[in-house]
Amino acid sequence: MAFDIDMIKGVYASMGERVEKARELVGKPLTLSEKILYSHLWDGKPEKAFVRGKDYVDFAPDRIACQDATAQMALLQFMQAGKDKVAVPTTVHCDHLIQAKDGAAADLKHANETSKEVFDFLGSVSNKYGIGFWKPGAGIIHQVVLENYAFPGGMMIGTDSHTVNAGGLGMVAIGVGGADAVDVMAGMAWELKFPKLIGVKLTGKLSGWTAPKDVILKVAEILTVKGGTGAIVEYFGPGATSMSCTGKGTICNMGAEIGATTSTFGYDESMERYLRATDREDVADEANKVKEHLTADAEVYANPEQYFDQVIEINLSELKPLLNGPFTPDLATEVGTMTDKATENGWPLAVEWGLIGSCTNSSYEDLSRASSIAQQALDKKLKTKAEFGINPGSEQVRYTTERDGILEIFEKLDAKIFTNACGPCIGQWGRYEDPKNAPKNSIVHSFNRNFAKRADGNPNTHAFVASPEMTAAIAIAGRLDFNPLTDKLINEDGEEVMLDEPTGWELPPKGFEVKENGYEDPLEDGSGVEVKVAPDSERLQLLEPFVPIKASDLQGMKLLIKAFGKCTTDHISMAGPWLRFRGHLDNIANNTLIGAVNAFNQKTNFVKNQLTGEYGGVPDTQREYKKEGIKTVVVGDHNYGEGSSREHAAMQPRHLGVAVVIVKSFARIHETNLKKQGMLALTFANEDDYDLIQEDDTFNIVDAAAFAPDKPLTLEVVHADGSKDTIMANHSYNDAQIKWFNEGSALNLIKKQNA
């Protein structure tokens with residue numbers, strides 16, 4: 001039986017009436033995305049049609065999911081909100097704080113020892129406030145959510161950008177910052193600009209070496225890392241219905257890499273099969289009663305150009321396997337055309353590691369298809385040239401694949417089976433003792449992100465994203481340019497052999513099985529639970545409310561850094577070894593912007609201190625400004641803050657005294673996070689004004705006291721020689737968000753309202 005079945009029945013009970021009313025208001029057939037959005041309005045039944053990409057709308061999500069790294073700050077904030085219990089079903093999943101190094105048992109034991117304080121904190125807060133708790137080793141949050149909580153037509157938010165994975169089960173599931181999650185936990189509405197809609201029509205059918213992963217790798221190539229910003233991507237067509245539910249999840253998961261608000265698929269037989277296989281027959285039965293509301297109206301998919309803001313069509317029968325990378329997930333290369341491209345760009349052709357798993361590709365189907373390639377290596381007497389690592393997605397997947405002999409196949413090839421956790425995908429990989437000085441190399445993985453230093457901390461690691469089966473083939477061959485469709489390998493007997501096409505199972509033939517899934521139910525009444533945080537803890541720190549930034553603070557601001565090129569949340573607040581400080585704001589602030597490239601010297605963590613004229617690390621320099629009571633400005637390029645949803649990338653600069661971030665464009669989640677923390681998130685009205693910013697600049701917002709919706713702000717930029725430039729800056733703050741700014745943060749406003 002499903003978790004929260006009564007809540008799900010309630011969503012379905014009101015859906016028909018709300019969809020019908022929305023269709024009447026919009027005046028035309030509805031996409032699936034619109035049906036879900038309009039049936040989750042905070043005020044209930046729709047009263048008006050919303051303008052895509054313009055209107056801010058209050059929504060009522062059905063549930064919340066948090067992973068352990070982001071949950072710490074989210075729950076520390078919730079503890080300040082004055083509530084006894086979370087208002088909607090919420091879960092915490094311990095998957096980020098487990099480093100992959102020696103193998104599952106040893107790594108899990110080490111994590112439970114080194115992060116015991118954090119796990120105990122999360123467990124006790126969950127117990128106190130009615131939150132479901134998934135222990136370390138239970139699995140990766142998004143795979144566990146797909147197996148247990150996702151349901152067609154639902155709306156979920158989560159404190160991780162890959163919350164969007166649940167779109168594989170027909171949800172609108174959106175990654176948000178912890179402050180957004182706190183709003184909903186506290187029983188308040190969740191605000192989102194009504195998204196634009198991108199339709200992706202899939203024709204044909206996947207076969208051979210081409211996998212669902214290749215669909216999203218192709219979409220990433222078409223739309224780039226920012227092409228989905230502000231939009232929901234809705235997949236449809238015969239190619240969509242022919243794919244498995246977990247394959248759909250893979251595609252939705254990597255929608256985060258094109259900046260999409262989320263991605264989703266209409267309810268179909270593959271979703272029903274998955275629900276029944278994961279012991280949720282009750283959800284499938286209820287979904288079948290309202291299935292006409294769980295996909296778009298027929299007219300939409302028949303004439304998509306009339307209903308979507310943009311339409312892309314991909315013929316799956318013609319789609320070739322892809323390798324995307326390095327250093328960005330939208331740089332696609334067809335398998336078989338890599339040799340010249342890699343040689344021209346200096347990408348190492350020798351592959352040192354093949355890694356399979358993460359929240360993107362760690363299902364039973366993924367591991368079974370990859371294992372069919374591994375089995376061929378054994379049968380055809382091939383030795384793997386690269387090392388192999390496997391992260392199962394959940395304890396249920398791990399137990400079932402072990403029972404069915406799948407993991408044993410990998411182990412016979414000397415693969416390391418890591419814990420059911422994120423591991424290398426998020427930089428939790430003990431690959432090097434000194435990653436900064438590690439050698440240039442290439443790896444291939446089935447993860448979602450491949451930014452520089454992302455997996456192992458080594459800036460010289462060239463990471464390429466591929467399907468699990470292609471990752472297995474390349475690991476066996478040991479070459480980036482290996483094409484299993486045409487290339488032969490030499491086995492131990494000196495014979496030429498070829499790999500056959502992968503095979504596998506959509507679902508386990510003998511069904512899923514698990515002995516201990518790692519879930520703990522919270523107490524019905526948690527009022528007696530005491531949450532302890534040691535005053536001298538290095539890992540956890542109780543929060544102090546942010547002081548509002550006044551108009552007078554926005555005068556005489558100094559430039560902290562002008563970031564050059566790509567500046568993701570990994571550059572602003574690195575993961576890897578820094579994950580251990582995710583619950584201690586002051587300690588983790590010591591990594592603030594240390595990965596950003598200074599536009600004036602092309603170095604990282606090396607900026608000019610205008611008070612002394614000397615150069616130093618970004619956090620150290622910023623602390624000097626803070627000590628003197630001087631606010632600062634960060635300047636950035638396009639899609640600033642792309643990547644993970646981590647609100648630390650907003651909280652850390654705020655804590656240290658940054659008041660304004662002005663960029664060419666923002667990634668959606670990061671812009672919202674900055675607003676939630678009471679900062680000014682601005683964009684250049686004229687992008688070329690980025691070039692006017694000089695290293696010794698001082699900033700004055702001359703009309704700060706007149707901060708209002710739809711009204712640009714005027715920045716006076718004073719250069720070291722006394723000359724000045726006037727820059728116009730746009731913003732997207734509405735009345736509610738300006739209240740957050742005036743109160744110092746959204747949390748301050750919540751606390752005030754709950755007082």
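Scope of the values below: all heavy atoms of this structure, side chains included, with no hydrogens, waters or symmetry mates. Computed from a predicted structure; not experimentally measured. FYI, the numbering just counts along the sequence from 1.
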**Item:** Chi angles and distances behind the salt bridge (charged side-chain N to carboxylate O under 4.0 Å, His left out) call for Lys213, Asp366
**Value:** CA-CA 10 Å; Lys213 186 77 163 194; Asp366 291 324; over 6 Å; no

At what distance, to the nearest 0.5 angstrom, does [atom1] of [X] lie from [atom2] of [Y]?
X      : Y      : atom1 : atom2 : value
Arg52  : Ile232 : CZ    : CD1   : 10.0 Å
Asp95  : Ile426 : CG    : CD1   : 7.0 Å
Asp214 : Glu221 : CG    : CD    : 11.5 Å
Thr683 : Asn730 : OG1   : CG    : 4.5 Å
Asn448 : Cys359 : CG    : SG    : 5.0 Å
Phe133 : Asp68  : CZ    : CG    : 8.0 Å

**Item:** Stepwise ring-ring contact (aromatic ring centres under 6.0 Å, His included) test for Trp42 and Phe59
**Value:** CA-CA 5 Å; Trp42 179 253; Phe59 291 102; over 10 Å; no

Can a salt bridge be assigned to the pair [X] and [Y] using a cut-off of 4.0 Å between side-chain N and carboxylate O?
X      : Y      : answer
Asp330 : Lys226 : no
Glu34  : Lys28  : no
Asp570 : Arg449 : no

**Request:** Among Glu20, Glu17, Glu24, find the one that has a salt bridge (charged side-chain N to carboxylate O under 4.0 Å, His left out) with Lys45.
**Result:** Glu17

Return yes if some donor-acceptor pair links the side-chain N/O of [X] with the main-chain N/O of [Y] below 3.5 Å, else return no.
X      : Y      : answer
Asn420 : Gly393 : no
Asp160 : Gly175 : no
Thr264 : Met171 : yes
Asp309 : Leu197 : yes
Asn734 : Gln737 : yes
Ser242 : Lys205 : no
Asn148 : Val144 : yes
Asp297 : Glu299 : no
Lys675 : Ser732 : yes
Glu234 : Leu32  : yes

**Request:** Kindly indicate, with the supporting measurements, whether the criterion salt bridge (charged side-chain N to carboxylate O under 4.0 Å, His left out) is fulfilled by Asp55 and Lys193.
**Result:** CA-CA 6 Å; Asp55 289 342; Lys193 185 184 287 185; over 6 Å; no

So is [X] actually on top of [Y]'s ring, under 6.0 Å and inside 45° of the axis?
X      : Y      : value
Lys248 : Phe265 : yes
Lys676 : Trp740 : yes
Lys201 : Phe236 : no

Does either side chain, that of [X] or that of [Y], offer a donor lying less than 3.5 Å from an acceptor on the other one?
X      : Y      : answer
Lys35  : Thr295 : no
Arg582 : Ser573 : no
Ser244 : Glu365 : yes
Thr250 : Asn361 : yes
His93  : Gln67  : no
Glu272 : Asn288 : yes
Trp190 : Asp58  : no
Thr31  : Ser33  : no
Asp62  : His40  : yes

**Message:** Taking the six-membered ring for Trp, are Tyr38 and Phe194 closer than 6.0 Å centroid to centroid?
**Reply:**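 Yes, the ring of Tyr38 comes within the 6.0 Å limit of the ring of Phe194, centre to centre.
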
**Request:** Decide side-chain hydrogen bond (donor to acceptor under 3.5 Å, both in side chains) for Gln396 and Gln143; before the verdict, give the C-alpha distance in whole Å, the side-chain angles of both, and the deciding distance to 0.1 Å.
**Result:** CA-CA 10 Å; Gln396 179 168 265; Gln143 179 66 28; over 6 Å; no

Is the closest side-chain heavy-atom distance between [X] and [Y] below 4.5 Å?
X      : Y      : answer
Thr471 : Leu355 : no
Pro392 : Ser362 : no
Val11  : Phe151 : yes
Ile356 : Leu367 : yes

For [X] and [Y], take the angle between the two ring planes, folded into 0 to 90°, and tell me which bin it lands in: parallel under 30, tilted 30 to 60, perpendicular over 60.
X      : Y      : answer
Tyr149 : Phe3   : tilted
Phe512 : Tyr364 : perpendicular
His670 : Phe666 : tilted
His162 : His142 : perpendicular

**Asked** Taking Arg63 as the fixed residue, which of Thr90, Val86, Asp4, Ile8 is the one that meets the side chain to side chain contact (heavy atoms under 4.5 Å, CB included) rule?
**Response** Asp4

**Message:** Against Ile216, only a single residue in Ile251, Thr360, Asn324 fulfils side chain to side chain contact (heavy atoms under 4.5 Å, CB included); can you say which?
**Reply:**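 Among Ile251, Thr360, Asn324, the one that satisfies the side chain to side chain contact (heavy atoms under 4.5 Å, CB included) with Ile216 is Ile251.
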
**Prompt:** Between Glu642 and Lys566, is a salt bridge (charged side-chain N to carboxylate O under 4.0 Å, His left out) present by the stated rule, with each step listed?
**Reply:** CA-CA 9 Å; Glu642 73 171 280; Lys566 187 184 287 287; 3.1 Å; yes

**Request:** List the steps, then state whether salt bridge (charged side-chain N to carboxylate O under 4.0 Å, His left out) holds for Lys291 with Glu286.
**Result:** CA-CA 9 Å; Lys291 60 184 177 182; Glu286 294 298 322; over 6 Å; no

**Request:** For side-chain contact (heavy atoms from CB on, under 4.5 Å), just list the numbers for Leu674 and Glu671, CA-CA rounded to whole Å, side-chain angles, deciding distance to a tenth of an Å, and then say yes or no.
**Result:** CA-CA 5 Å; Leu674 291 169; Glu671 182 180 22; 5.6 Å; no

**Prompt:** If you take all heavy atoms of Ala166 and Met156, which pair is closest and at what distance?
**Reply:** CB-CE, 3.8 Å

**Complete:** Correct closest heavy-atom pair for Cys252 and Gly168 would be SG-N, 3.7 Å

**Prompt:** Does the side-chain contact (heavy atoms from CB on, under 4.5 Å) test come out yes or no for Val219 and Tyr235, once each step is laid out?
**Reply:** CA-CA 11 Å; Val219 172; Tyr235 292 84; 3.9 Å; yes

